[in-house]
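Okay, so here's the structure we're looking at.
In the text below, chain A, chain B and the rest are named by the order of the sequence lines, each starting its count at 1.
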Amino acid sequence: MLRLVSASKPASAGLLTKVVPSSLAGRRTFASTSARQADITLTVDGKEVTVPQGSALIQACEAAGATIPRFCYHDRLAIAGNCRMCLVEVERSPKPVASCAMPAMPGAKVWTNTPLVHEAREGVMEFLLANHPLDCPICDQGGECDLQDQSMRYGTDRARFHEITGKRAVEDKDLGPLVKTSMNRCIQCTRCVRFANEVAGVEELGTTGRGNDIQIGMYVEKTMNSELSGNIVDLCPVGALTSKPYAFHARPWELKHTDSIDVMDAVGSNIRVDSRGVSVMRVQPRPNDDVNEEWISDKTRYAYDGLRFQRLTTPLVKQGDRFVPVTWEDALAAVADGLRASGATGDEIQAVAGHLADTESMVALKDLVTRLGSDNLAIDSVGGHAAPSHAVDVRSNYLFNATIPGVEQADCILLVGSNPRHEAAVLNSRIRKSWLHTSLEVGLIGERVDTVYGYDYLGADAKAVADFVAGKGDFAKKFKNAKKPLIIVGSAITEHADGAAVYNALAKYVEKNKSQLLTPEWNGFAVLQRVASRAAAYEMGFVPSRKASQTKPKFIYLLNADEVDPKSIPRDAFVVYQGHHGDLGAQLADVCLPGAAYTEKGMTWVNTEGRSQMGRAAVPPPGASREDWKIIRALSELVDSPLPYDDVLSLRDRMWEISPTLVRYDTLEPTSVDVALAGLKTLAAGTASAKVSGKPFVKPVSNFYQTDPISRASVTMAHCTRAFVKGENYGFSETSSKSEAAYA
Amino acid sequence: MFAARLPKRIPRLPHPVRRISSSSCRRSEALFVHRDTTYNNPKIPFEFSPDNLKRAQEIISHYPPQYKKAAVIPLLDLGQRQNKGWTSISVMNYVAKLLEMPPMRVYEVATFYTMFNREPIGENFVQVCTTTPCMLRGAYDILDTVCTQLGGIKPGDTTKDGKFTVIEVECQGACSNAPMLVVGDEFYEDLTPETTKKVLEAFAKGQKPKPGPQSGRHTSENSAGLTALTSKPYGPGEHCQPEFQ
């Protein structure tokens, strides 16, 4: 059962080389989930409740509607059973039982509301508080603290704490620029340790000492280098781990919560934007089992301070070599004049959709450009001025067809030119989860990276793909025998010179092995987009025709396009930049139109699976900036081809005309096997003449913390870059800087 | 007669106050985080000697390969013995590397068990038991004697010449021979302040006194003399039918 992915297996010959154990988790644990078995029935507080066998007693109590206080138990983490707060009374048990660590037994009689239970909770609470400082007024967790709430609800109403010696004192740890520690407040629930080891793959966090002296930490001085470290702040039931950038900024009761969607990657994590007045104070995850479970990446969580800096707040027109603030009328007139003066006609008008462009504005821009007679719809990526090699006629050619929860069903995953750890950190935690608990095999073609699980390294270039398709090497054989194999193609492949050849090879491979890879239940060909707008852009056909892609543009409309290569813009072209940050795109522009950032507009976002989700505006756009689609709508009047929608609802009707999936929110519409096969056939036919240059694939994200204008403007992300990417002032023990094995 | 109508005065009982013990809790003086020092930092190399490496491989072979990390305690002990009686960060890192486990998992073990010394100790590691049975038999006198004998150091200290380290420990399982102390791996039992001095003097001279009870009694036999099994044990054939004799 236990699969050793490191040293004890002999390294196989040929291309297939084992990853060295020092850089990667060496081993995983035995499968720790048992197969779901028959349901059992038990009685909780006199109520009969039926739960699956193997559930914890606490789950049965929850199912019966009884609230059980807890600190250490978390339904997405392993069970520790060390806080003892969840004690309940079970018939014929001499003592109260910790319900999180006790399996529910058929026919058991459980009470959660008896004097014994009350007394037990009171006692536990007293012990927990005996070493907990009374600093709630200066604690950032105040108002959303489990200990505070539960001591009010379950604790005793009077103190008998007379220790002259005072309370335990523990020194604070430095976990880096994101997590602030105040270890005196720690109650040793070990949620953070379990999260770090199981989910994030940071195996440096643990407990040292014992008994009264136990503390959470890394023993040696080290920062917590993980893309998911911010989640331990949410997990911490007390104020021991709090958010450093948010420290002393706001109290939870002052904040307005807005449910929204994250745009820092293409996962479309569900977030809750907490705002006060006009500023976003923090971003928290919102549970959604189909997307992000309960986690979000650090960039999602902490890049929000970038929304305050470098913003475009007023329309700007370039005069000479400087930008002059103008009114909206003047700015839009300047754009219309520029279009006329540039003499651009037909395909010489180019629109470029950037990473953070919302679906509505892209639809409006596409409509506008099409009305102006152009087909030159480019995407802000390497090679984005031409149609992608996978074409966009069939959705399954560019979407993550296996779905994000589906990753956990896969028993063999091949990553092609992708590092999910940086391109979709939350998705990566699912792969790690599956890798820890099942016999999942992972293979990687591309640049060697530290994923947080072991993998077979197959090579760095298109040749490795060809070898894999030809069935050479152990991994290819394993993949052939897998029941639910999954190929994850990174978005960087599309941008690579050999992308077409790789797609061709893989499409043929999938067609050939459709009995496993393409069945009504399972579509094992998945493209992992890394950019929030990309799936929507493909969905609406935001790609140029062949003729258009070869036309030299004279008028360029950059919609949130900040990754453009300045050399790709002709010197004499008139450039309009619409976006929210004064980043690269704005520097190139003749006119800047200030748009709204994702927290300031209620727009549609399509994630890499093709799931449409609705973001919501939490705060108003700053200054004179406006919602993006409105800017385009206003501009359409001035260029004499008004768009036929006046409000966002009619715009969404237009989106429905383009593709109904764009406005079917929160659902997934899987592509049928026949259509997916047809898509692969056209893909294979379209790329049949592709040549292989043999250039190695490189990871598209070299600095996870700074990938878009928001995170580039963020001070917190700059701190993270300094600490984690450049490693300045940090990094203590070289010998132990890498994770090696699974926890437990 | 109106007394019955008056509200009854319930005698006010003193409120039952439970008290948490107000004694000071004992906290370990050891530090549970690592600090780089000149004598203890990860740059100091450590490797098992060829002999110890062989023993380590033997220990590791006792466990199934996927549970190699089960050997962490014996290996740390081996490392501690090789490293002059203390487990430096280099020892822990080396053991982690050898067992292919994250170093933190080794640190957790090494900090949990008090017998892993994470600071250097003297040549002779004197552990005086002060748990109840020893205490009742005068362990504190023994501890005082040890401390004064070694130049007035306190438990936890090392003598200036680096020859002795004294600590107070919990039960070593030799209660029947209380009071006792441990030097290195040897138990010295049935101590009196005088015999304690003798033991320490011998160690100071570099000798190794005979371990076991210092009172002259054999193991933990009754100190008042034997009360049972005093006669000569019968040999083969005794008490048997004549034909078997």
Side-chain angles (χ1 to χ4, degrees), chain A residues 1-4 6-8 21-22 25-30 126-127 130-131 158-171 173 193 196-197 202-215 217-222 732-744, chain B residues 15-36 40-46 60 63-69 72 87-116 118 170:
Chain A
M1 273 176 92
L2 180 106
R3 313 295 297 266
L4 279 173
S6 63
S8 64
S22 68
R27 71 173 47 147
R28 44 188 138 167
T29 52
F30 271 89
E126 200 163 7
F127 274 122
N131 268 324
R158 62 207 64 203
R160 48 189 171 126
F161 186 82
H162 307 292
E163 292 289 348
I164 310 155
T165 49
K167 304 196 179 209
R168 185 180 47 114
V170 182
E171 71 174 22
K173 310 290 184 294
V193 175
N197 286 283
V202 182
E203 282 157 348
E204 289 98 340
L205 196 65
T207 56
T208 53
R210 64 148 113 179
N212 198 50
D213 298 307
I214 194 170
Q215 35 178 292
M218 310 244 187
Y219 190 61
V220 291
E221 273 175 36
K222 250 193 205 179
F732 177 79
S733 306
E734 292 92 25
T735 49
S736 54
S737 65
K738 291 283 163 63
S739 58
E740 277 178 3
Y743 183 60
Chain B
H15 188 77
V17 178
R18 300 180 294 168
R19 285 192 191 284
I20 289 189
S21 133
S22 58
S23 64
S24 66
C25 56
R26 268 184 72 174
R27 294 188 169 115
S28 167
E29 283 162 24
L31 203 58
F32 291 98
V33 288
H34 170 77
R35 298 258 195 277
D36 262 2
N40 189 12
N41 64 62
K43 299 224 165 66
I44 296 174
F46 176 84
I60 292 169
Y63 305 98
Q66 71 269 36
Y67 292 126
K68 221 160 132 184
K69 61 184 169 188
V72 62
T87 311
S88 68
I89 188 89
S90 311
V91 172
M92 298 184 216
N93 286 340
Y94 177 72
V95 169
K97 217 172 116 203
L98 203 62
L99 297 177
E100 289 170 33
M101 55 201 281
M104 186 63 208
R105 301 284 93 77
V106 179
Y107 306 152
E108 282 177 342
V109 171
T111 54
F112 186 89
Y113 293 104
T114 51
M115 283 170 79
F116 292 120
R118 288 171 294 113
E170 298 305 330

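Here the CD-CZ distance, from A:Gln215 to B:Phe32, works out to 7.5 Å after rounding to the nearest 0.5 Å. Rounding to the nearest 0.5 Å gives a distance of 11.0 Å between CG of A:Asp213 and OG1 of B:Thr114.
Between B:Tyr107 and A:Val220 the shortest side-chain heavy-atom distance falls below 4.5 Å. Put simply, the side chain of A:Thr208 does not reach to within 4.5 Å of the side chain of B:His34, judged on heavy atoms. Between B:Met104 and A:Leu205 the shortest side-chain heavy-atom distance does not fall below 4.5 Å. Looking at B:Arg118 and A:Tyr219, their side chains come closer than 4.5 Å, going by heavy atoms from C-beta outward.
Looking at residues two or more places apart in sequence or on another chain, you find no side chain to side chain donor-acceptor pair (under 3.5 Å) involving B:Tyr94. The side chain to side chain donor-acceptor pair (under 3.5 Å) check on B:Thr87 picks up B:Gln80, with sequence neighbours excluded.
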Q: Carefully, step by step, assess A:Glu221 and B:Val33 under the rule side chain to side chain contact (heavy atoms under 4.5 Å, CB included).
A: CA-CA 8 Å; A:Glu221 273 175 36; B:Val33 288; over 6 Å; no
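At most 12 heavy atoms of other shown residues, nucleotides or ligands fall within 6.0 angstrom of atom OH in B:Tyr113.
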